[in-house]
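Written out below as structure tokens is the structure these notes cover.
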Amino acid sequence: MVSFDPQFLVNGVIVGSTIALAAIGLTLIFGVLDFINFAHGEYLTLGAYAAFVANVTLGLPFVVAAVLAIPVTVAIALALDRVVFYPLRRQGVGGLALLITSVGLSMILRNGIETVWTSDNLRYSISGAESVSVLGVRITAVQVAIVVVSLVLMVAIHLLLTRTVLGISMRATASNRSLALSSGVNAEGIVTWTWVIGAGLTAIAGVLIGLNTVIRPSMGFGLLLVMFAAVILGGIGDPYGAMLGGLAIGIAQEVSVAFISSAYKPAVAFTIMVVLLLWKPEGLRGGEA
Amino acid sequence: MLEQLSFVTSVLTVAGIYAILALGLNVHWGETGLLNFGHVAFFAVGAYTTALLTIAAPTATQAYSFGFGLPIPVGILGGILAAGVVAVLLGVPTLQLSEEYLAIVSIGLAEILRYGMMNENWLTGGVAGIYGVGRPLRGIVPGELYDLFYLGLVLAAVALCWAYSRRLKRSPFGRVLRSIRDDEEAAVALGKNTFQYRMQAFVVGAMMAGLAGALWAHYATALTPTAFGASITFLTWVALIVGGSGNAGGAILGAGLIISFREATRYLPDLYGLGDIIPTLRLMLVGVLVVVAIRYRPEGLLPERNISYAEYCRRLDYGGD
């Protein structure tokens, strides 16, 4: 038996909280727009690069750059929705056509980013990377900030979904679209707000992941599987499930390093996902979204 | 002249291999409505299986530890069967659920397999890969005609898969698949075990991809993990959607067009000093093709044609309508 090192658990919470943010975005978009967005990973990458341009290319302070990444990513997501997804929604084609389209969109964005910034690993210019040791666990100030920002955002999302008309309309649209429409919910308005919140959260997740590791064109695509696993673990369309799923997958991945080669971290997420599909396909929380 | 001929031969061989991939995906998506985004996994399994079955046992300097030296036809058959087995394993957790789950799990499997290819040196030779995969009848067919001979072999395999797909259009089995695709509840109401039919279609399409992989292994003679990236899956999807999903001829046409496009742009880099960005620009364009095709011509260049009941009766000489 390998003696358990709490370092893995702490790493897991850091990784898991960023995955949870991105997974909330993915699951909200699925719930309201009724298709699985395979380009979601690229929105994460876009967020990371937007902050990189502001921080390194334009020389702005990191916090300003990170905040700027949100409106930039949201604007791109809204423009893409207008050009790519909206015409298909209006034609009334099903979720599968939207899904295939998002796969194409993912290729365009990923390779577009690589065309401009090459496939090199990039980093933000920021201090605070020196690690301190707390109870035998190494952690940096930046990593503490990552966890705090993620948790604050998750609480904010919870308040939005339960205490505001917008949040309640979003949940209503996700659970029963036609009933929500007949109750006077403005469908396209909700779609727009879902992109704003979903892409915004995902952009922050991208910045935080870029901060914790490196920025590269395939970072979002590489996390797609992990985000899907988090979403399925929590039950597709369920934002609270996505939070828990993201944390669980992140912790499971990092703790697994104690037992298996770190090259297989994504395989851990994949295995959890397949086992869950066999055992409880409606997600651990069982469809009580 | 000879140089151009050998270029055309190599483009046609690769296009033929992609046509088999597209025909397999056509059985999945075109006929049955299965969203398989991990097609490259079956391609890779077919390629590595035949390579390991047919190469000689490794010497001490090689990373991999298997090599059975079996005849090439046995290797190809093994590659096809291995792809089918992987399809069963992938189908069990996903094919009873709604379509999106297969999409997610298949794209995941393809990625995990790639990590495996890169890291399991004992099996796949790791990043360095496997070299010296044999070519069928190498000593018997004269050298200058060999590429043409291999092209003939690939085209025969395309013809075989095409004939199967044509048969699928007319057979009761194919009709059940299309009924599952178009209205699963109706198929269930008619007493069809849709899971079983889906599984059979999934395995058949995967075996075609395994065949394509095996033919690729004996054509390329060297296998490395970088050759089995997700872009193969996406190129196959574009080929099928642009060509016409649900139409076997469309799948072949699409594969021909996409591969000609890829090979034609291969020699562009030197022209305008764009060398570094051409590969990513090319993949961007592939993505644009997907988006545009789904929006403006979702049925593809050669749309699906199903024969009507009256036509069916006339062909069978029933005379009934």
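Predicted, not measured: the structure shown is a model, and the values here were computed from it. So you know, we letter chains A, B, ... as the sequences are listed, proteins then strands, and number each from 1.
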Does the side chain of [Y] come within less than 4.5 Å of [X]'s, by heavy atoms?
| X | Y | result |
| --- | --- | --- |
| Ile112(B) | Leu225(A) | yes |
| Leu281(B) | Asn111(A) | no |
| Val290(B) | Thr101(A) | no |
| Leu224(A) | Glu111(B) | no |

Pairwise distance [atom1]([X]) to [atom2]([Y]) - rounded to 0.5 angstrom:
| X | Y | atom1 | atom2 | value |
| --- | --- | --- | --- | --- |
| Ile100(A) | Leu35(B) | CD1 | CG | 5.5 Å |
| Gln96(B) | Leu277(A) | CD | CG | 11.0 Å |
| Ser102(A) | Ile294(B) | OG | CD1 | 10.0 Å |
| Glu114(A) | Met284(B) | CD | CE | 11.0 Å |

If the contact rule is any heavy atom under 4.5 Å from chain B, which residues of residues 81-93 of chain A qualify, in numerical order?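 If one takes a 4.5 Å heavy-atom cut-off, the residues of residues 81-93 of chain A near chain B are Val83(A), Val84(A), Pro87(A), Leu88(A), Gln91(A).
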Side chain, backbone, both or neither of [X] within contact of chain B (heavy atoms, under 4.5 Å):
| X | answer |
| --- | --- |
| Phe221(A) | side chain |
| Leu99(A) | side chain |
| Ile236(A) | side chain |
| Ile36(A) | side chain |

Partners of Glu254(A) by salt bridge (charged side-chain N to carboxylate O under 4.0 Å, His left out), sequence neighbours excluded?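 Salt bridge (charged side-chain N to carboxylate O under 4.0 Å, His left out) check on Glu254(A) returns Lys265(A).
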Only counting residues at least two apart or in another chain, list the ones meeting salt bridge (charged side-chain N to carboxylate O under 4.0 Å, His left out) with Arg216(A).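 For Arg216(A), no residue satisfies salt bridge (charged side-chain N to carboxylate O under 4.0 Å, His left out) once neighbours in sequence are set aside.
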Testing the basics here: between Phe38(A) and Ala103(B), what is the closest heavy-atom pair and its distance to 0.1 Å?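 Nearest heavy atoms, Phe38(A) then Ala103(B): CZ-CB, 3.9 Å.
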With a 4.5 angstrom heavy-atom cut-off, is it the side chain or the backbone of [X] that approaches chain A, or both, or neither?
| X | value |
| --- | --- |
| Leu283(B) | both |
| Val92(B) | both |
| Leu97(B) | side chain |
| Ala293(B) | neither |

Is any residue of residues 231-246 of chain B within less than 4.5 Å of chain A by heavy atoms, and which ones?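 So the qualifying residues are Phe234(B), Trp237(B), Ile241(B).
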What's the verdict on side chain to side chain contact (heavy atoms under 4.5 Å, CB included) for Phe228(A) and Val105(B), showing C-alpha distance, side-chain angles and the deciding distance? CA-CA 9 Å; Phe228(A) 281 148; Val105(B) 174; over 6 Å; no
Should Ile104(B) and Phe270(A) be marked as a side chain to side chain contact (heavy atoms under 4.5 Å, CB included) after you check the CA-CA gap, both sets of side-chain angles, and the distance that decides it? CA-CA 10 Å; Ile104(B) 293 172; Phe270(A) 181 76; over 6 Å; no
Would you say that more than 12 heavy atoms from the other residues, nucleotides or ligands in this model lie under 6.0 Å from the CD of Glu188(A), or not?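 Atom CD in Glu188(A) is packed in, count exceeds 12.
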Determine the option with the most heavy-atom pairs under 4.5 angstrom with chain A, choosing from Leu289(B), Val292(B), Leu109(B).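 So the answer, after comparing Leu289(B), Val292(B), Leu109(B), is Leu109(B).
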Which residue out of Leu98(A), Val103(A), Leu105(A), Val274(A) racks up the most heavy-atom pairs below 4.5 Å with chain B?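 Max contact count across the listed options: Val103(A).
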